[in-house]
There are 4 protein chains.
Amino acid sequence: MLKIAIVGASGYTGLELIRILQSHPEVMVTCLTSEQSAGKPISDIFPTLRGICDTVLENLEPVRIAEQADIIFTALPHKAAMEVVPTFLELGKKVIDLSADYRLSDPVVYGEWYEPHINPANLKNAVYGLPEIRRGMIREAKLVANPGCYPTSIILGLAPLLKNGLIDLSSIIADSASGVTGAGRSAKVESLYCEVNEGYKAYGVGGVHRHTPEIEQELSLLAAKQLKITFTPHLVPMDRGILSTIYSTPLSPISNEALSELYQEFYADEPFVRILLNGSLPSTAFVRGSNFCDISPLVDSRTGRIIVVSAIDNLVKGASGQAVQNMNLICGFRETMGLGTPGIFP
Amino acid sequence: MLKIAIVGASGYTGLELIRILQSHPEVMVTCLTSEQSAGKPISDIFPTLRGICDTVLENLEPVRIAEQADIIFTALPHKAAMEVVPTFLELGKKVIDLSADYRLSDPVVYGEWYEPHINPANLKNAVYGLPEIRRGMIREAKLVANPGCYPTSIILGLAPLLKNGLIDLSSIIADSASGVTGAGRSAKVESLYCEVNEGYKAYGVGGVHRHTPEIEQELSLLAAKQLKITFTPHLVPMDRGILSTIYSTPLSPISNEALSELYQEFYADEPFVRILLNGSLPSTAFVRGSNFCDISPLVDSRTGRIIVVSAIDNLVKGASGQAVQNMNLICGFRETMGLGTPGIFP
Amino acid sequence: MLKIAIVGASGYTGLELIRILQSHPEVMVTCLTSEQSAGKPISDIFPTLRGICDTVLENLEPVRIAEQADIIFTALPHKAAMEVVPTFLELGKKVIDLSADYRLSDPVVYGEWYEPHINPANLKNAVYGLPEIRRGMIREAKLVANPGCYPTSIILGLAPLLKNGLIDLSSIIADSASGVTGAGRSAKVESLYCEVNEGYKAYGVGGVHRHTPEIEQELSLLAAKQLKITFTPHLVPMDRGILSTIYSTPLSPISNEALSELYQEFYADEPFVRILLNGSLPSTAFVRGSNFCDISPLVDSRTGRIIVVSAIDNLVKGASGQAVQNMNLICGFRETMGLGTPGIFP
Amino acid sequence: MLKIAIVGASGYTGLELIRILQSHPEVMVTCLTSEQSAGKPISDIFPTLRGICDTVLENLEPVRIAEQADIIFTALPHKAAMEVVPTFLELGKKVIDLSADYRLSDPVVYGEWYEPHINPANLKNAVYGLPEIRRGMIREAKLVANPGCYPTSIILGLAPLLKNGLIDLSSIIADSASGVTGAGRSAKVESLYCEVNEGYKAYGVGGVHRHTPEIEQELSLLAAKQLKITFTPHLVPMDRGILSTIYSTPLSPISNEALSELYQEFYADEPFVRILLNGSLPSTAFVRGSNFCDISPLVDSRTGRIIVVSAIDNLVKGASGQAVQNMNLICGFRETMGLGTPGIFP
């Protein structure tokens with residue numbers, strides 16, 4: 001049994017890591033940290049865990065944490081992650097970082113969208129952890145930069161088109177919507193139940209959301225050419241889920257059949273990507289609690305545009321499930337281990 | 001006091017008409033019909049109305065209905081509306097029809113998207129009832145075709161751009177999301193609470209939603225040129241509201257300031273359109289229960305695209321509130337009469 | 001037109017006062033205060049009000065506020081209210097206080113449940129503002145202590161039984177459930193969307209909720225004898241509404257018919273109490289946005305218990321609507337003025 | 001691997017059985033039936049199952065079903081169950097019935113609350129499947145009558161008090177609230193999203209809900225004396241969960257400490273009952289997706305009443321999870337097998 005530490009365990013992605021790992025046959029969660037709640041059992045914060053995981057939360061003392069674990073998940077806000085990740089790496093631990101700190105390969109870009117990067121040296125060691133795109137590199141990685149939730153849904157939605165050079169690279173518009181767990185668990189008026197409930201809104205409109213450069217970096221790599229997109233996130237009154245509706249213009253007309261075939265082939269061996277056919281469309285409800293990404297590629301025959309709809313659970317394939325998938329890869333476990341459940345509906 | 005009949009009163013738009021008209025100082029609801037619930041007081045169907053409107057629902061006998069009313073609102077499914085509207089018109093009544101039956105000026109197009117039109121003769125008498133675009137004609141109308149909910153949000157969002165010839169007409173993508181009242185009040189598994197709750201999904205993807213030709217008809221008139229759009233509706237787990245995020249490419253670059261000014265001027269005298277400035281963005285929560293359409297026009301400086309976000313309450317500005325606004329116009333009342341409330345939040 | 005000040009306007013009850021008063025024909029809101037948001041227009045806090053009420057929020061300087069208003073609503077937390085109410089009264093203003101500060105006639109009891117009372121002198125001037133019970137006294141009042149939300153639903157539910165001495169006073173159990181607006185608008189983790197959504201829970205179990213002494217004071221007055229109750233509040237994932245299911249044992253057996261008659265007679269002239277008959281039961285959904293209290297009295301024939309179910313909108317009849325009803329009484333307006341709307345459904 | 005048939009697989013309890021059994025190491029679901037959807041893969045009905053369980057739904061031909069299975073779960077409406085269960089038993093299959101048909105030991109009582117019983121002969125063979133109360137008998141059973149959701153929450157909440165003869169048997173009031181999955185998956189207007197959302201209501205008030213005799217039967221057995229209760233169910237706008245707040249009067253005063261100790265001891269060895277201490281209270285959110293029953297016993301020191309709050313997931317411990325727990329018992333598997341997950345939050 002490998003020993004696992006989760007740094008930043010009192011947020012929703014931390015809880016989701018515990019939930020998933022608790023039924024993983026090859027690992028054992030031995031250490032949890034939380035700056036705010038150190039000294040309390042995690043089950044005081046999340047009573048779902050009562051009797052299942054009553055581990056006491058510790059302060060974030062990197063050396064002491066590293067001593068207790070083989071693999072470390074960092075589920076911290078950006079900046080806080082890069083303050084501790086170098087220590088974990090120096091001590092020979094493998095790290096799966098769920099923050100944004102190691103996703104952008106260029107520290108200048110990071111600086112433009114976040115703040116000055118304080119650990120640029122490790123950027124070259126970090127592998128962007130989207131297994132469907134970069135499985136081989138992840139297997140060898142010491143540091144995995146676990147992708148953002150919006151990027152996961154959009155990159156998986158567009159990869160077959162970009163890899164095959166089928167679309168006008170200036171035509172991409174990604175219109176995405178997320179459940180409220182995406183806003184995290186900190187106390188803010190705008191995340192209160194009554195402020196969010198019964199409302200639907202856009203935010204970060206006009207290319208200002210911080211996931212934009214991450215999406216563009218990965219799409220550009222897939223296209224082998226620098227590209228820019230229009231990306232608009234929305235907030236939906238529900239706990240979990242991201243659905244992206246992605247528009248692009250094909251370079252030459254394509255049929256629905258050819259498009260379906262392309263996606264089926266591209267993802268034929270992927271255990272967590274389901275291509276929906278015959279007009280069947282994804283819903284976040286059908287991936288809730290699971291590591292699946294459901295994708296429908298369609299052609300709008302009236303305008304010729306390609307519309308790809310993709311859905312994930314932002315806490316699973318968009319965060320903690322994908323992190324476990326990456327852990328399986330770097331540990332040499334079966335990739336689907338601990339992730340085989342069908343999700344929960346309703 | 002003018003007398004009002006509401007034909008098809010046991011649906012959500014019927015109820016919303018009663019709610020709004022109940023505080024209108026110049027009219028009195030005298031007659032309500034429902035095929036399914038004839039003989040019962042409307043307050044048995046909608047207990048909110050207990051003690052306020054206990055009118056007994058009648059069968060839909062057009063001549064008898066017409067005798068009791070000066071103005072008739074038809075809140076019926078498509079086809080059912082055009083089966084009775086001609087009789088009302090022949091009897092000299094003014095009709096505001098909330099169905100799709102008189103929205104498309106070309107019966108051939110209607111036939112393609114719905115079914116053969118059985119009353120094409122009255123299409124030329126019908127005025128598309130979007131006051132911000134066609135106020136003068138509505139004032140003179142005998143038959144108002146009250147716009148659909150998605151079309152209202154999209155047409156108001158794009159009118160300033162199209163009227164001024166500012167965008168590439170082939171570039172329009174409207175990504176819209178609606179609350180569940182948009183699906184009506186009939187018993188279907190897919191509208192059950194547990195099927196809808198905690199899920200977000202696209203539907204009618206690829207140009208197949210029936211509001212498409214209505215949107216294109218009106219946008220083409222505004223642009224003075226035939227155009228096609230990509231329109232994708234989504235379903236949000238909430239009762240009310242439509243938000244449209246509309247993408248287009250300007251013919252020449254435009255600044256955020258110029259865009260704001262354009263919208264402010266275009267809608268300067270409109271009592272129900274609110275233009276949001278300085279990055280403020282609409283939410284369906286802020287128009288719930290009111291007749292407002294909130295619009296934010298923005299430029300994505302990275303890609304040059306224009307993004308317009310518009311929000312309405314689908315049951316008010318998207319249906320019954322707009323119908324009352326139209327009634328005010330055809331009756332010569334002050335346009336905002338009965339519609340001045342700020343909406344309800346939370 | 002009387003001039004109205006709302007002190008503490010940036011909470012949900014403040015907003016609800018503005019919403020209701022905006023359509024009241026005899027008053028005009030001239031002054032709004034908010035310690036946190038002074039200097040901003042209220043419509044920045046609550047965008048529903050854009051274009052309808054853009055009044056700039058002021059600091060709470062009592063003398064300056066009093067100069068601008070004839071009637072003052074204090075929508076402050078407890079303690080903050082009694083810090084300013086005395087000044088308003090000294091300056092000759094009528095005050096309707098929505099806090100708990102003047103509801104308990106005995107300052108010792110207040111001290112036990114809240115903290116030491118700093119203005120006991122005015123307790124004897126305060127009238128508990130439940131018009132159905134104390135209309136005459138409210139008309140003469142200078143200071144109205146507007147009832148709590150849970151107390152309103154429970155007192156109205158039990159008044160006919162207690163006034164007529166029909167039940168065992170030791171048998172009363174009130175099991176109530178509230179929407180989340182009841183928790184206010186301050187940023188707390190436990191009020192976050194994802195913490196509240198999809199969960200139902202009891203809180204304050206065992207007679208520790210602060211509404212307990214208020215309920216008991218008023219029920220004891222109705223019974224003309226000191227009594228104690230068991231009161232359990234619950235939290236429901238919805239914005240608005242309180243429903244109380246109240247159990248008691250009749251002193252002698254009573255039929256459903258006799259019970260219905262009793263309630264109908266007791267509330268025969270009340271404009272805002274609706275007695276439901278023939279097994280019809282209230283829902284918070286049917287009073288949302290309205291000032292109604294819907295009540296079903298029933299007998300459980302198997303156990304002989306009386307079960308009364310009552311529903312209100314906690315922000316309307318449970319707070320701001322009732323405050324306006326009280327304002328109408330102290331100003332000599334028609335009691336229903338501004339409150340005649342049927343609520344909004346769905 | 002034992003082979004499992006689920007009869008009535010297209011409802012929510014059927015789906016939940018599949019979800020749970022899919023990760024059970026000792027069984028394999030081989031056969032699913034649905035009268036409405038025979039011929040379709042179950043994953044067409046519930047797309048969460050795509051790629052995980054695409055079994056084609058069959059018609060309910062009992063003999064053919066029995067041939068394919070060792071254990072049969074019947075997840076049918078009442079009456080439909082007793083039409084097929086006898087055949088399964090005659091063919092030597094073990095049956096776990098999730099309907100009400102074999103829960104009431106007296107067919108006369110069944111007839112009063114449901115309809116005439118058509119298979120009274122098997123009532124004596126049926127064991128009421130609440131393992132915490134009747135583990136030994138379940139192990140030997142051929143036919144398990146899986147308890148109702150409300151009864152599970154109430155019986156587990158009261159068992160320690162009744163077994164120890166601590167309360168006045170005429171004093172019990174159970175006030176319960178359920179999520180909407182409790183209403184099943186059939187298309188009814190009252191279960192539509194917009195009818196249920198944002199509303200809280202009581203139903204079946206006055207001892208008319210069909211779970212009443214089931215609760216009373218089991219409580220009477222625990223008390224070794226016939227008793228009656230007042231039971232009021234409520235509907236909460238959420239998918240899953242039942243919370244019962246249960247009131248009773250102790251025969252002699254009892255302290256919070258003694259009560260906590262009593263419950264901890266009574267349930268000391270139970271893997272699925274968690275007793276909350278020190279004022280900690282259950283929420284349905286903390287048992288969602290898990291087989292736990294969380295219970296807080298408390299004393300209201302002001303009135304002397306005992307208040308027990310218990311929470312379950314109605315689809316898991318209230319239906320399918322408990323059914324699997326029963327299967328584990330009758331098959332000799334470890335009782336917690338396949339049921340060890342902590343639930344999903346948020």
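Because the structure is a prediction, the values reported are computed rather than measured. First the proteins, then the strands, lettered A, B, ... as listed; each starts at 1.
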Sort out for me which of A:Ala285, A:Pro346, A:Ser283 touches chain B most, counting heavy-atom pairs under 4.5 Å.
-> A:Ser283
Is B:Arg288 salt-bridged to B:Asp313, going by a charged N under 4.0 Å from an acidic O?
-> no
Are side-chain N/O atoms of A:Thr230 and B:Thr303 paired as donor and acceptor at under 3.5 Å?
-> yes
Residue part contacting chain B, namely of A:Thr212, when any heavy atom lies under 4.5 Å = side chain
Given that the side chain runs from C-beta out, which part of A:Tyr193 has a heavy atom under 4.5 Å from chain B: side chain, backbone, both or neither?
-> neither
Which of B:Thr284, B:Val196, B:Val309 touches chain A most, by non-hydrogen pairs under 4.5 Å | B:Thr284
When the ring planes of B:Tyr114 and B:Tyr110 are compared, do they come out parallel, tilted or perpendicular, using 30° and 60° as the limits?
-> parallel
Determine, for B:Glu190 against B:Lys201, whether the closest basic-nitrogen to carboxylate-oxygen distance falls under 4.0 angstrom.
-> no
Chain B contact via A:Ala202 - side chain, backbone, both or neither, heavy atoms under 4.5 Å = both
Using a strict cut-off of less than 4.0 Å between a Lys/Arg side-chain nitrogen and an Asp/Glu carboxylate oxygen, indicate whether A:Asp300 and A:Arg305 qualify as a salt bridge.
-> no
Checking heavy atoms, do the side chain of A:Pro237, its backbone, both or neither come under 4.5 Å from chain B?
-> both
Which of parallel (below 30°), tilted (30 to 60°) and perpendicular (above 60°) describes A:Tyr12 and A:Phe46?
-> tilted
May I ask you to name which of B:Tyr200, B:Tyr247, B:Tyr203, B:Phe286 has the most heavy-atom pairs under 4.5 Å with chain A?
-> B:Tyr200
Name the region of A:Asn256, side chain, backbone, both or neither, that has any atom closer than 4.5 Å to a heavy atom of chain B.
-> neither
Check: A:Ser280/A:Asn278 side-chain N/O donor and acceptor closer than 3.5 Å | no
Chain A interface, residue from B:Val236, B:Leu298, B:Ile173 that has the most non-hydrogen pairs under 4.5 Å = B:Ile173
Against chain B, label A:Ile306 side chain, backbone, both or neither, depending on which of its atoms sit under 4.5 Å from a heavy atom there.
-> neither
For B:Thr245 and A:His234, what are the C-alpha separation, side-chain angles and deciding distance, and is it a side-chain hydrogen bond (donor to acceptor under 3.5 Å, both in side chains)?
-> CA-CA 10 Å; B:Thr245 303; A:His234 296 75; 2.7 Å; yes
What part of A:Ile172 lies closer than 4.5 angstrom to a heavy atom of chain B: side chain, backbone, both or neither?
-> backbone
